[in-house]
Amino acid sequence: MCACRATASAFTPGPPPMVSIAQVRRPAARIRPKLNRDDWLMRAFMVAIALYLIVALALPLYAMLSKSFEIYSFRLDTIEFQVDEGQGWGPPINALERGEELGIVRRDDLVTTADGRMQATEFFPDFSFLAPTRYRIRNTEPNTGGYMVRGQQFTDTEWREFSSNDFRRVTLRPSQTKGIGNYLVYFSTPALFSSIEHSLTISIISTIITVSLAFVFAYALTRSCMPFKGLFKTAALVPILVPSLLPGIALVYLFGSQSIVVKVLEALFGADSVAWVWQALDNGTYGPTEIYGPIGIVIASVFFTFPHALLIIITALSIADARLYEAAIALRAPKWRIFWTVTLPGARYGLISAAFVVFNLVITDFGAPKVIGGQYNVLAVDIYKQVIGQQNFQMGAVVSVVLLIPALVAFTVDRLVQKRQVALLSARAVPYQPRPMRRFDLLMMGYTGIVSLFILGILAVCQFAALIKFWPYDLSFSLNNYNFDVMDGGGWDSYGNSIRMALYTAVIGTSVVFFGAYLVEKGRGFAAGRTAFQFLAMMPMAIPGMVLGLSYIFFFNDPANPLNFIYGTMAILVICTVTHFYTVSHLTAVTALKQMDAEFELVSQSLKQPFTKIFARVTIPVCMPAILDISIYLFVNAMTTVSAVVFLYSPDTTLASVAVLNMDDAGDVAPAAAMGMMIFYTNALMRGLHALGTRGLMARTQAWRTR
Amino acid sequence: MPSGNGRESPDTGTRPPVFLRIENLVKKFGAFTALNNIDLEVFEGEFVCFLGPSGCGKTTLLRAIAGLDIQTSGRIEQAGRDISVLPPTQRDFGIVFQSYALFPNLTVHKNIAYGLENRKMRRAEINQRVEELLDLVGLADQGDKYPAQLSGGQQQRVALARAIATSPGLLLLDEPLSALDAKVRGHLRHEIKALQRRLGVTTIMVTHDQEEALTMADRIVVMNHGVIEQIGSPIEVYRAPATVFVADFIGTMNFVPGRVAGPEQVRIGDIVLSCDFEGLSPETPVTVAIRPEDIIVEEARLYEGNVFQVRISALEFLGSFFRADLANDHLGEARLRADISINQVRSLGLSEGQDIHVRLPRDRIRIYAGAATHG
């Protein structure tokens with residue numbers, strides 16, 4: 001049969017020829033679909049959740065960015081004094097000229113912080129508050145920093161007169177301008193910008209180590225027939241349940257100067273042996289090589305990022321196509337060649353993705369370097385030091401912006417890579433089934449065993465430390481370290497607060513995230529709004545916790561902000577934590593929703609039922625496993641997070657994870673370990689409940705989930 | 001009525017009233033025009049099929065009627081009411097998708113009852129109605145099962161029962177049988193058609209399967225590239241395809257290039273055939289079309305009435321009949337295919353290489369202006 005593509009018209013017989021009547025018609029008016037109650041409701045909800053993300057994310061970030069460009073400097077050129085020593089007022093004295101004459105200021109060095117103060121009397125070396133001299137002061141320009149007397153600020157250009165007794169209470173205030181001055185200061189201060197190199201160094205090293213270790217571990221789990229896979233995998237995922245402060249504490253106990261290893265070595269080889277080892281390891285840069293510093297940070301970072309890398313690589317390795325292996329074997333490729341040409345290329349997106357995730361986690365992490373970084377400054381800790389230590393919020397904002405850049409790059413690359421990974425997944429593949437190989441399986445089991453032992457060992461050390469009365473002098477067991485109420489950090493209340501915060505975060509966060517994802521995924525029309533929402537939902541992943549927390553200070557602590565009232569409450573902690581962990585939760589929800597038939601909503605509409613009905617009766621029950629996953633993810637992270645909330649807690653809302661930090665800071669290392677382990681046990685318990693709940697749900701719904 | 005809407009065909013004097021009227025419908029996705037100036041009328045109680053290749057706009061048209069993807073411009077009127085801008089919830093239709101879209105966590109019973117709730121119906125009434133519907137689709141004892149426990153055909157019946165539960169005025173079927181295997185499909189075809197007749201519900205079905213359309217529809221709307229190529233009863237569309245596209249898309253057709261030889265005469269190669277057409281001047285290039293089954297093998301060697309000699313260049317056995325490739329020096333480049341019954345092949349002792357006489361009945365020849373492009 002010939003396929004004819006001519007659009008010829010038919011002539012007789014049959015119906016008359018088709019005549020296009022389009023030409024004679026005027027173009028019809030564009031249809032504006034009428035929206036029903038559901039459409040309006042969905043739009044209203046979406047706008048509400050988008051507003052939440054704007055208030056909880058975009059605006060604080062903007063506040064932080066503008067803060068980093070705030071410069072405070074004394075405008076001495078706009079201040080004039082006059083002195084009357086009994087012979088009438090003398091000529092006006094310009095403060096800047098006077099200051100330079102006296103050598104107390106330099107024209108190019110007037111930058112200060114928001115809290116900068118200068119005593120007016122500094123400009124009069126012979127000042128005495130008992131002298132009968134009278135002083136006058138004025139601004140030559142209005143609305144500069146001005147001066148302050150007894151808590152009142154004057155920025156007008158009137159002369160004001162003071163007795164010498166009052167004049168000593170006059171302080172000059174800096175004026176605020178916008179500019180890149182803070183950045184110039186940052187990049188001309190080696191103590192500050194050296195952190196960039198430090199952060200990059202430890203992030204890159206940790207990434208290489210973690211991804212390598214995790215790849216072999218994942219390989220063992222997916223490509224060998226070793227026994228106890230489930231057990232090993234569980235052990236490897238344990239670090240997710242503890243704050244990143246905890247491995248640091250364990251390392252101090254293991255390798256610090258009074259540590260377990262030292263004591264064991266001394267007991268075995270005599271007291272001198274350790275000193276000799278220290279000497280041998282001295283690298284000359286950071287003093288004797290010790291656990292405080294880059295090595296400690298890297299070990300701790302590898303510990304807490306390991307499960308994240310592992311999960312990604314397991315996914316990448318388990319989508320392998322058995323047919324490729326069969327083809328390679330049929331072509332008689334040797335094993336190493338199959339590994340290089342089939343296994344690695346198949347997992348490459350997973351490896352790249354894992355690398356960027358780990359890099360991002362390490363460079364934005366605050367816990368590990370805070371506990372075990374010693375003098376080795378990194379960006380995340382710099383933010384903390386600038387803000388909490390020096391109260392220099394502008395510089396904190398500058399460091400935040402600097403930290404944002406590598407985090408944003410890593411995030412973007414990761415998103416791009418993941419898009420391609422999805423494309424790989426959609427191909428129809430025959431799953432690969434490993435075959436038992438005695439030697440290889442034993443080797444793999446040995447490896448996974450050692451890694452699991454190391455991970456569990458870290459926890460065991462912490463638990464051991466928590467139960468010892470006073471290491472290394474009194475090795476008897478006691479529960480003294482659990483007497484948190486006598487330590488810094490908020491005591492047992494902080495543990496209660498953490499649980500409350502984690503529960504609120506899990507419940508509120510899951511509701512907001514899932515509903516938001518539903519609206520994005522299943523909403524009708526309003527495409528621009530949905531795209532914008534999707535973008536907002538992806539943003540939190542790129543924002544380091546420290547940056548988010550600091551942004552919240554700038555935004556919510558501003559007295560002019562009508563939302564100022566939530567500052568220092570439990571609410572701001574919950575909002576901050578939900579926002580911090582929004583993206584992964586959102587993606588989980590979207591994935592689950594994408595697996596649902598797109599036509600459910602349409603059928604429901606055709607049956608004239610409101611969308612709330614299909615949402616409650618079908619969407620939620622079908623997505624329940626994903627909803628449970630999101631809530632446990634939020635709970636666990638709310639328990640362990642330190643970075644964002646460290647700036648936001650108040651004396652009434654101290655948190656367990658922050659208590660670990662503060663107790664460690666105060667030298668109460670054993671109680672810090674004890675509290676860290678409390679977090680672990682809580683998370684482990686919730687994980688267990690989650691697993692039971694999911695299993696129960698699956699059993700109950702088995703009738704409709706499986707054929 | 002300017003376009004071949006089928007309404008004017010002589011055999012149907014009394015039509016039921018128009019139930020659905022579509023006027024000048026246009027749907028654009030960005031720069032792409034998915035539907036262009038669609039005009040269509042569907043009569044009450046009628047079963048209409050939208051038939052066409054994938055991407056022809058048939059599903060887009062269905063979704064516009066449902067209000068799921070509202071058109072860019074144009075008007076849709078259902079039962080005298082302008083529904084052009086209304087959201088789906090304010091229209092009156094039931095819909096069945098190719099994927100069935102049964103709610104997996106609800107039993108068959110609850111799936112069917114879904115649309116009956118919130119309608120001020122009592123529980124007992126709902127249950128009774130659901131039982132009725134289950135009976136109607138032959139699943140009387142399956143109400144407590146979950147969709148995943150049913151076969152594909154059974155799931156489709158549940159979807160159908162759910163769609164008609166609220167007694168909608170219009171039933172929309174979006175490729176409802178495509179996901180089923182051939183045997184079940186054939187069976188369900190009959191059931192759906194019988195059910196539709198019994199309920200008398202106006203039905204529109206989208207399909208790309210011509211056999212489905214020919215067996216089920218009262219009228220077929222053949223679509224291509226966002227426009228309607230032809231509207232007509234299955235027999236009209238098959239016997240008298242309005243365009244080359246329709247002729248090609250439905251059934252098998254010989255297309256042979258030719259020229260107008262005179263009034264009611266065309267020439268293929270050296271052979272002149274008489275056929276019915278009007279208004280084409282001599283030497284106009286045309287495409288001559290005839291279905292393989294309409295070519296008749298003549299036993300008597302008469303050279304009149306479109307009879308000419310051809311050689312069987314190939315004979316292909318297709319089970320119930322043979323398909324013969326026919327060629328002739330006088331035909332020029334053209335080739336014809338004819339379906340010859342097994343009996344005739346046997347009784348005439350036909351074999352490859354043999355010369356036979358065939359007749360192309362005048363009333364079965366279709367003439368299309370323009371030369372066919374052989375692709």
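Side chains included, hydrogens not; waters and symmetry mates left out as well; all remaining heavy atoms used. Below, chain A is the first sequence line, B the second, and so on; all start at residue 1.
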Over all atoms of both residues, closest heavy-atom pair of [X] and [Y]:
{"X": "Gln609(A)", "Y": "Thr89(B)", "result": "O-CG2, 4.4 Å"}
{"X": "Ser604(A)", "Y": "Tyr114(B)", "result": "OG-OH, 3.0 Å"}
{"X": "Phe103(B)", "Y": "Val603(A)", "result": "CZ-CG1, 4.1 Å"}

**Study point:** Contact residues of residues 613-624 of chain A (partner chain B; heavy-atom separation under 4.5 angstrom)
**Key:**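 Contacts with chain B: Lys613(A), Ile614(A), Arg617(A), Val618(A), Pro621(A), Val622(A).
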Check your understanding: For chain B, which residues from residues 590-599 of chain A have at least one heavy atom closer than 4.5 Å to it?
Key ->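 Within residues 590-599 of chain A, the residues under 4.5 Å from chain B are Asp597(A), Glu599(A).
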**Study point:** Top contributor to chain A interface from Thr72(B), Asp92(B), Ile95(B), Leu86(B) [non-hydrogen pairs under 4.5 Å]
**Key:** Thr72(B)
**Study point:** Top contributor to chain A interface from Cys275(B), Pro88(B), Ser84(B) [non-hydrogen pairs under 4.5 Å]
**Key:** Pro88(B)
Please classify the contact of [X] with chain A as side chain, backbone, both or neither, using a heavy-atom distance under 4.5 Å.
{"X": "Leu172(B)", "value": "neither"}
{"X": "Ile70(B)", "value": "side chain"}
{"X": "Arg162(B)", "value": "both"}

Got more than 12 heavy atoms from elsewhere within 6.0 Å of [atom1], [X]?
{"X": "His690(A)", "atom1": "NE2", "answer": "yes"}
{"X": "Arg362(B)", "atom1": "CZ", "answer": "yes"}
{"X": "Asp82(B)", "atom1": "CG", "answer": "yes"}
{"X": "Ile235(B)", "atom1": "CD1", "answer": "no"}
{"X": "Arg75(B)", "atom1": "CZ", "answer": "yes"}
{"X": "Phe29(B)", "atom1": "CZ", "answer": "yes"}

**Study point:** Donor-acceptor side-chain pairing of Asn36(A) and Gln90(B) below 3.5 angstrom
**Key:**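 No - no donor-acceptor pair under 3.5 Å links their side chains.
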Practice item. Please report the C-alpha distance between Arg63(B) and Leu602(A) in whole Å, then the side-chain angles of each, then the deciding distance to 0.1 Å, and finally whether the side-chain contact (heavy atoms from CB on, under 4.5 Å) criterion is met. Key: CA-CA 10 Å; Arg63(B) 290 172 73 90; Leu602(A) 308 184; 3.6 Å; yes
Are the side chains of [Y] and [X] in contact, using a 4.5 Å heavy-atom criterion?
{"X": "Leu68(B)", "Y": "Ser606(A)", "result": "no"}
{"X": "Thr166(B)", "Y": "Lys608(A)", "result": "no"}
{"X": "Pro87(B)", "Y": "Gln605(A)", "result": "no"}
{"X": "Pro33(A)", "Y": "Val85(B)", "result": "no"}

